[in-house]
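What you see is a predicted model; the values in this text were computed from it and never measured.
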Amino acid sequence: MKITIVGAGNAGSACAFMAAEAGHKVRLLKTSNQITHDEHFEAMVSNKGIYCIDNTKKGHFTDSADDAGKTFEPLELITRDPKKAIEGADVVMIFIQTTYHRALAERIAKYFQDEQLVILIPGYAGSIFYSRFCDNNPIFAEGESTPNDARIVEPGTVKVLFKNVRNSLAFNPAARTEEGMAVASRLFPAYNIEMNSVRKNIFESALHNPNIIVHTIGLYVMYPMLEYCAKHHPEEVPYMYRDALSTEMAWLMIAKLDAEKMAVLSALGCKPIPYLDACLFRNEQDMTQDPRDVFESYKLSSPPGPYSFDNRYITEDVPMGLVLLSSLGEKLGINMPECNRLIEMCGGLLGIDFYKEGRTLASLGLDELTRQGLLDFVVGNIAPPPKLIAS
């Protein structure tokens, strides 16, 4: 298959390598004009491909580019031209921060073609933007987690830290799920899952994004650790997974937020799968293991940091994830005290009104729908609301 990867960051680069390694013809598209990852992008252009280090068997994180052998995969095209990258592709996989979905949709959705599979990873219901700016008829899908966890360790080289065993998808409209899965299951083994494990709709996928819980709570609990190290041990940095997510406070907050999330899932007619059980499904072949034990083992391969509270773990996953969860809860008449408290505390620490800039049913153009209308919309039984999505 011909696959276009949109995004030259950690996840996009690793996915481009994995797709090429699997025998697909891969194009890589960098859409940002900012300097972020420019050296990495230019190195790939010069090399006409990407180097990768597989760190998944070491059992712990290292940030060196020299501690394991590199493998090289050539890429068919590495470009900043969306038209060249997208036209003729069978699959388009979008790896960008969800805060930029609407702006990117305005730039590239016009190039999507009939029957292409367009996958957003992660989604947070962002496929609604792309569908509104697209005149053709692709199949939109949303992932809740990347197929791998990876870091760029030097220009042109990405290190894969962890590979997911399974990755569930949701489709927009949900009526095209079987059609979309016929294509997605050929991409990577992680997408070759049973149909009863595919999400019912894009909101179910959004709420099963692990970052909505682990990033937001993890970095919030880590905040005083970052302050302490900055003042007293500036040469050190705490680890979010190893340190913050080893505290009882974090797991009390996770339990409360997870309960609110599952209440919303139930009201949407979806299976209320606990956070840790969803992690087990993604990460392990053996589903008989204890989910908390599996999470603890994952912590061993996690990198240090984040180094600042002003990080995408907060600035993306609070407004795009928690605010969406809160908006759904409000529409469904569900009390969301833990979710709203976390939004307000994170926003207060950064001086940002996350409710104002976050992803809501209103910003998606869906606020006037009833609960049943919302479900009918994502399934595809009714036309999208005619009004333009809010800026």
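Using a distance-only test at 3.5 Å, with no hydrogens or angles considered, a donor-acceptor pair links the side chain of Asn201 to the main chain of Glu204. Within the 3.5 Å criterion, the main-chain N or O of Asp293 finds a donor-acceptor partner in the side chain of Asp290. A donor-acceptor pair under 3.5 Å is absent between the side-chain atoms of Arg312 and the main chain of Gln97, judged by distance alone. Ser308 places no side-chain N or O within 3.5 Å of a backbone atom of Asn311 that could act as its donor or acceptor partner. Within the 3.5 Å criterion, the main-chain N or O of Gly123 finds no donor-acceptor partner in the side chain of Asn209. Formation of a donor-acceptor pair under 3.5 Å by the Glu142 side chain with backbone atoms of Ala125 is found in this model. A distance-only check finds no donor-acceptor pair linking the side chain of Glu73 to the backbone of Met18 [under 3.5 Å]. No donor-acceptor distance shorter than 3.5 angstrom exists from the side chain of Gln289 to the backbone of Glu284, with no hydrogens or angles considered. Within the 3.5 Å criterion, the main-chain N or O of Met262 finds a donor-acceptor partner in the side chain of Ser266. Formation of a donor-acceptor pair under 3.5 Å by the Lys200 side chain with backbone atoms of Gly269 is found in this model.
At a threshold of 4.5 Å between non-hydrogen side-chain atoms, the residues Leu374 and Phe203 count as touching. Between Ile343 and Cys339, some side-chain heavy-atom pair lies under the 4.5 Å cut-off. Proximity of Val378 to Asn172: side-chain heavy atoms (C-beta onward) are nowhere separated by under 4.5 Å. Leu324 places a side-chain heavy atom less than 4.5 Å from the side chain of Leu364. Side-chain contact check for Pro304 versus Arg242: every heavy-atom pair is 4.5 Å or farther apart. Looking only at side-chain heavy atoms (C-beta outward), Cys229 and Val237 stay at 4.5 Å or farther from each other. For the pair Asp367/Thr360, no side-chain contact is recorded, criterion being any heavy-atom separation below 4.5 Å from C-beta on. When side chains are defined from C-beta on, Pro303 counts as touching Arg151, because their heavy atoms get closer than 4.5 Å.
Between atom CG of residue Leu268 and atom CG of residue Leu207 there is a gap of 7.0 Å, rounded to the nearest 0.5 Å. In this structure, CZ on Phe17 lies 13.5 Å from CG on Leu28, to the nearest 0.5 angstrom. Going from atom CG of Asp90 over to atom OG1 of Thr4 covers 9.0 Å, rounded to the nearest 0.5 Å. How far CE of Met225 is from NE2 of His233: 13.5 Å, rounded to the nearest 0.5 Å. Atom CD1 of residue Ile119 and atom CG of residue Leu169 lie 5.5 Å apart, to the nearest 0.5 angstrom. How far CD1 of Ile152 is from CG of Asn10: 4.5 Å, rounded to the nearest 0.5 Å.
A salt bridge links Glu106 to Arg102: one of the charged nitrogens lies within less than 4.0 Å of a carboxylate oxygen. Between Asp38 and Lys30 there is a salt bridge, with a side-chain nitrogen of the basic residue lying less than 4.0 Å from a carboxylate oxygen of the acidic one. Salt-bridge check for Glu144 with Arg199: passed, with a basic side-chain N closer than 4.0 Å to an acidic carboxylate O. In this structure, Lys261 does not pair ionically with Glu338, as no charged nitrogen and carboxylate oxygen lie closer than 4.0 Å.
Closest approach of Val160 and Ala14 over heavy atoms only: CG2-CB, 4.1 Å. Cys15 and Pro147 get closest at one heavy-atom pair: SG-CG, 4.4 Å. Heavy-atom minimum distance, Tyr313 versus Thr216: O-CG2, 4.0 Å. Of all the heavy atoms in Arg176 and Glu115, the pair that sits closest is NH2-OE1, 3.0 Å. Between Phe112 and Cys134, the shortest heavy-atom distance links the atoms CB-SG, 3.8 Å. Closest non-hydrogen pair, Ile78 versus Gly49, comes out as CD1-N, 3.7 Å.
Of the listed residues (Asn211, Asp317, Thr99, Thr98), just one forms a side-chain hydrogen bond (donor to acceptor under 3.5 Å, both in side chains) with Tyr124, and that residue is Asp317.
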Go through the steps to decide whether Ile5 and Met93 satisfy the test side-chain contact (heavy atoms from CB on, under 4.5 Å), and finish with yes or no.
CA-CA 5 Å; Ile5 304 293; Met93 302 183 75; 4.0 Å; yes

Worked check of side-chain contact (heavy atoms from CB on, under 4.5 Å) between Cys346 and Phe309:
CA-CA 9 Å; Cys346 290; Phe309 190 75; 4.1 Å; yes

Start with the C-alpha gap between Asn136 and Gln116, add the side-chain angles, then the distance that decides, and say whether side-chain contact (heavy atoms from CB on, under 4.5 Å) holds.
CA-CA 10 Å; Asn136 293 318; Gln116 271 183 335; over 6 Å; no

Start with the C-alpha gap between Phe171 and Glu179, add the side-chain angles, then the distance that decides, and say whether side-chain contact (heavy atoms from CB on, under 4.5 Å) holds.
CA-CA 10 Å; Phe171 294 84; Glu179 187 182 355; over 6 Å; no

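No side-chain N or O of Glu344 forms a donor-acceptor pair with one of Asn340 less than 3.5 Å apart. No donor-acceptor contact under 3.5 angstrom links the side chains of Thr146 and Asn148, judged on distance only.
When hydrophobic clusters are built by joining Ile, Leu, Val, Met, Phe, Trp and Tyr residues whose side-chain heavy atoms come closer than 4.5 Å, directly or via intermediates, Leu75 is grouped together with Leu187. In the hydrophobic cluster analysis, where Ile, Leu, Val, Met, Phe, Trp and Tyr join through side-chain heavy atoms closer than 4.5 angstrom, Val294 is grouped apart from Val165. Residues Ile128 and Ile121 fall into different hydrophobic clusters, defined by Ile, Leu, Val, Met, Phe, Trp and Tyr side chains chained together at heavy-atom separations under 4.5 Å. Cluster annotation: Met345 is connected to Val214 through the hydrophobic network of ILVMFWY side chains, with a link wherever side-chain heavy atoms come within less than 4.5 Å. Cluster annotation: Leu257 is connected to Met240 through the hydrophobic network of ILVMFWY side chains, with a link wherever side-chain heavy atoms come within less than 4.5 Å.
Under a cut-off of 6.0 angstrom, the local environment of CD in Gln113 is crowded, with over 12 non-hydrogen atoms contributed by other residues, nucleotides or ligands. Remark: Asp114 CG is packed, more than 12 non-hydrogen atoms of other residues, nucleotides or ligands lying under 6.0 Å away. Heavy atoms from other residues, nucleotides or ligands lying under 6.0 Å from CD of Gln372 number more than 12.
The six-membered or imidazole ring of Tyr228 lies near that of His232, with a centre-to-centre distance under 6.0 Å.
Ring planes of His40 and His37: perpendicular class, angle over 60° (limits at 30 and 60°). A perpendicular orientation is assigned to the rings of His101 and Tyr130, their planes being inclined by more than 60° (bins at 30° and 60°). By the 30° and 60° cut-offs, the orientation of the rings of Tyr275 relative to Trp251 is tilted. The aromatic rings of Tyr241 and Phe295 are tilted relative to each other, their planes meeting at an angle between 30° and 60°.
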